[in-house]
Amino acid sequence: MADVSETFPDAPTREPDVRDDFTSTTLRDDLWIGHYLPHWTTPERSLARYELTGEPGIRLLIEEDQPDWREEDAPLRVSNLQTGVFSGPVGSERGTQRHRLDGLTVRTETPERLLWAPSSGRIDLTVSASVDEGCMLAAWLVGAENLSALHSGEICLFEIDAAAIGRTQTRARCGIKAHGDDSLVTDMTEVAIPVNAAQPHTWSVIWGPEGMLIGCEGVVVTRSSQAPDYPMLLMLDLFEIGPRSTTPGAYPKAARIHSLRGWNGIH
């Protein structure tokens with residue numbers, strides 16, 4: 001656990017290599033794919049639900065009629081944006097984020113398309129998490145696995161459960177997940193951040209040869225001496241986990257991604 005009094009490093013002075021404030025009325029197809037790991041399921045199940053109005057920020061939505069991501073994983077619904085896709089042929093086990101060992105096989109072949117996949121760098125991400133029942137907002141960097149199935153490690157920038165959000169403090173999970181990368185050791189931690197995560201707040205991560213550093217609102221929350229060193233895709237996810245809500249007016253459930261800034265490499 002890092003010293004919570006440690007200030008997170010300032011952003012680079014040069015312009016970001018990628019930036020998005022989501023001010024368009026359409027999702028940028030040069031940066032985002034609006035599906036959640038589409039190769040492990042079918043398009044109608046992986047398709048993201050979201051709202052863009054031309055004002056800053058995108059609302060990720062879970063809607064009442066949204067199908068489960070996979071029947072085998074029900075009840076689980078998700079709206080996700082990711083910066084690339086990769087899979088092997090239908091029936092194979094090759095594909096980005098083989099995060100389960102219980103029979104994931106490719107159902108929809110998704111040829112390699114890496115829109116942004118740095119192997120080191122920095123991300124600043126401003127979000128407002130969901131307080132809706134059963135929801136979790138997450139941001140992950142995951143190995144693309146296009147070069148090797150061993151390139152499967154994950155940097156978990158944050159996972160925020162709706163039930164963990166308080167008026168002045170929020171609990172979140174962050175760290176490293178090894179998955180199939182035997183050069184990494186899973187090292188996840190729960191941190192308490194002194195913010196109401198339903199309000200706009202900024203998470204940051206720096207990763208490279210010297211390890212990984214995660215911060216929130218300009219303060220370091222955790223660090224690791226390890227970090228993946230291969231192409232990584234950014235995933236922004238809103239999940240609804242568990243049975244659908246029966247309360248009238250419960251849907252749509254929502255979280256907002258306000259902005260992204262990303263820099264390739266460590267400088």
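Residue indices begin at 1 and follow the sequence shown.
- Checked by atom type and distance alone, the side chain of Gln169 never pairs as donor or acceptor with a backbone atom of Val195 at under 3.5 Å.
- By the 4.5 Å heavy-atom criterion applied to side chains, Trp140 and Asp237 are counted as neighbours.
- Looking only at distances, a side-chain donor or acceptor of Gln82 sits under 3.5 Å from a matching main-chain atom of Gly84.
- For the residue pair Trp203 / Asp124, no side-chain donor-acceptor distance below 3.5 Å is found, with atom types taken as modelled.
- With hydrogens and angles disregarded, no donor-acceptor distance shorter than 3.5 Å links the side chain of Glu93 to the backbone of Thr105.
- Under the 3.5 Å distance criterion, the side-chain polar atoms of Asp68 are left unmatched by any main-chain donor or acceptor of Arg70.
- Among pairs with a residue in residues 31-47, those fulfilling salt bridge (Lys or Arg N to Asp or Glu O under 4.0 Å) read Arg45-Glu71, at least two apart in sequence or across chains.
- A donor-acceptor pair under 3.5 Å is formed between the side chain of Trp40 and the backbone N or O of Thr96.
- Classification of Glu6 and Arg223 as a salt-bridged pair holds, one side-chain N sitting under 4.0 Å from a carboxylate O.
- Salt-bridge formation is not detected for the pair Arg244/Glu240: no Lys NZ or Arg NE/NH1/NH2 atom is positioned less than 4.0 Å from an Asp or Glu carboxylate oxygen.
- Screening residues 256-265 for salt bridge (Lys or Arg N to Asp or Glu O under 4.0 Å) gives Asp21-Arg261 as the qualifying pairs, with residues at least two apart or on separate chains.
- For Tyr36, the ring pair (Phe, Tyr, Trp, His ring centres under 6.0 Å) partners are Trp69, Phe239, not counting sequence neighbours.
- Side-chain atoms of Ser204 never come within 3.5 Å of backbone atoms of Gly215 as a donor-acceptor pair (strictly under, hydrogens ignored).
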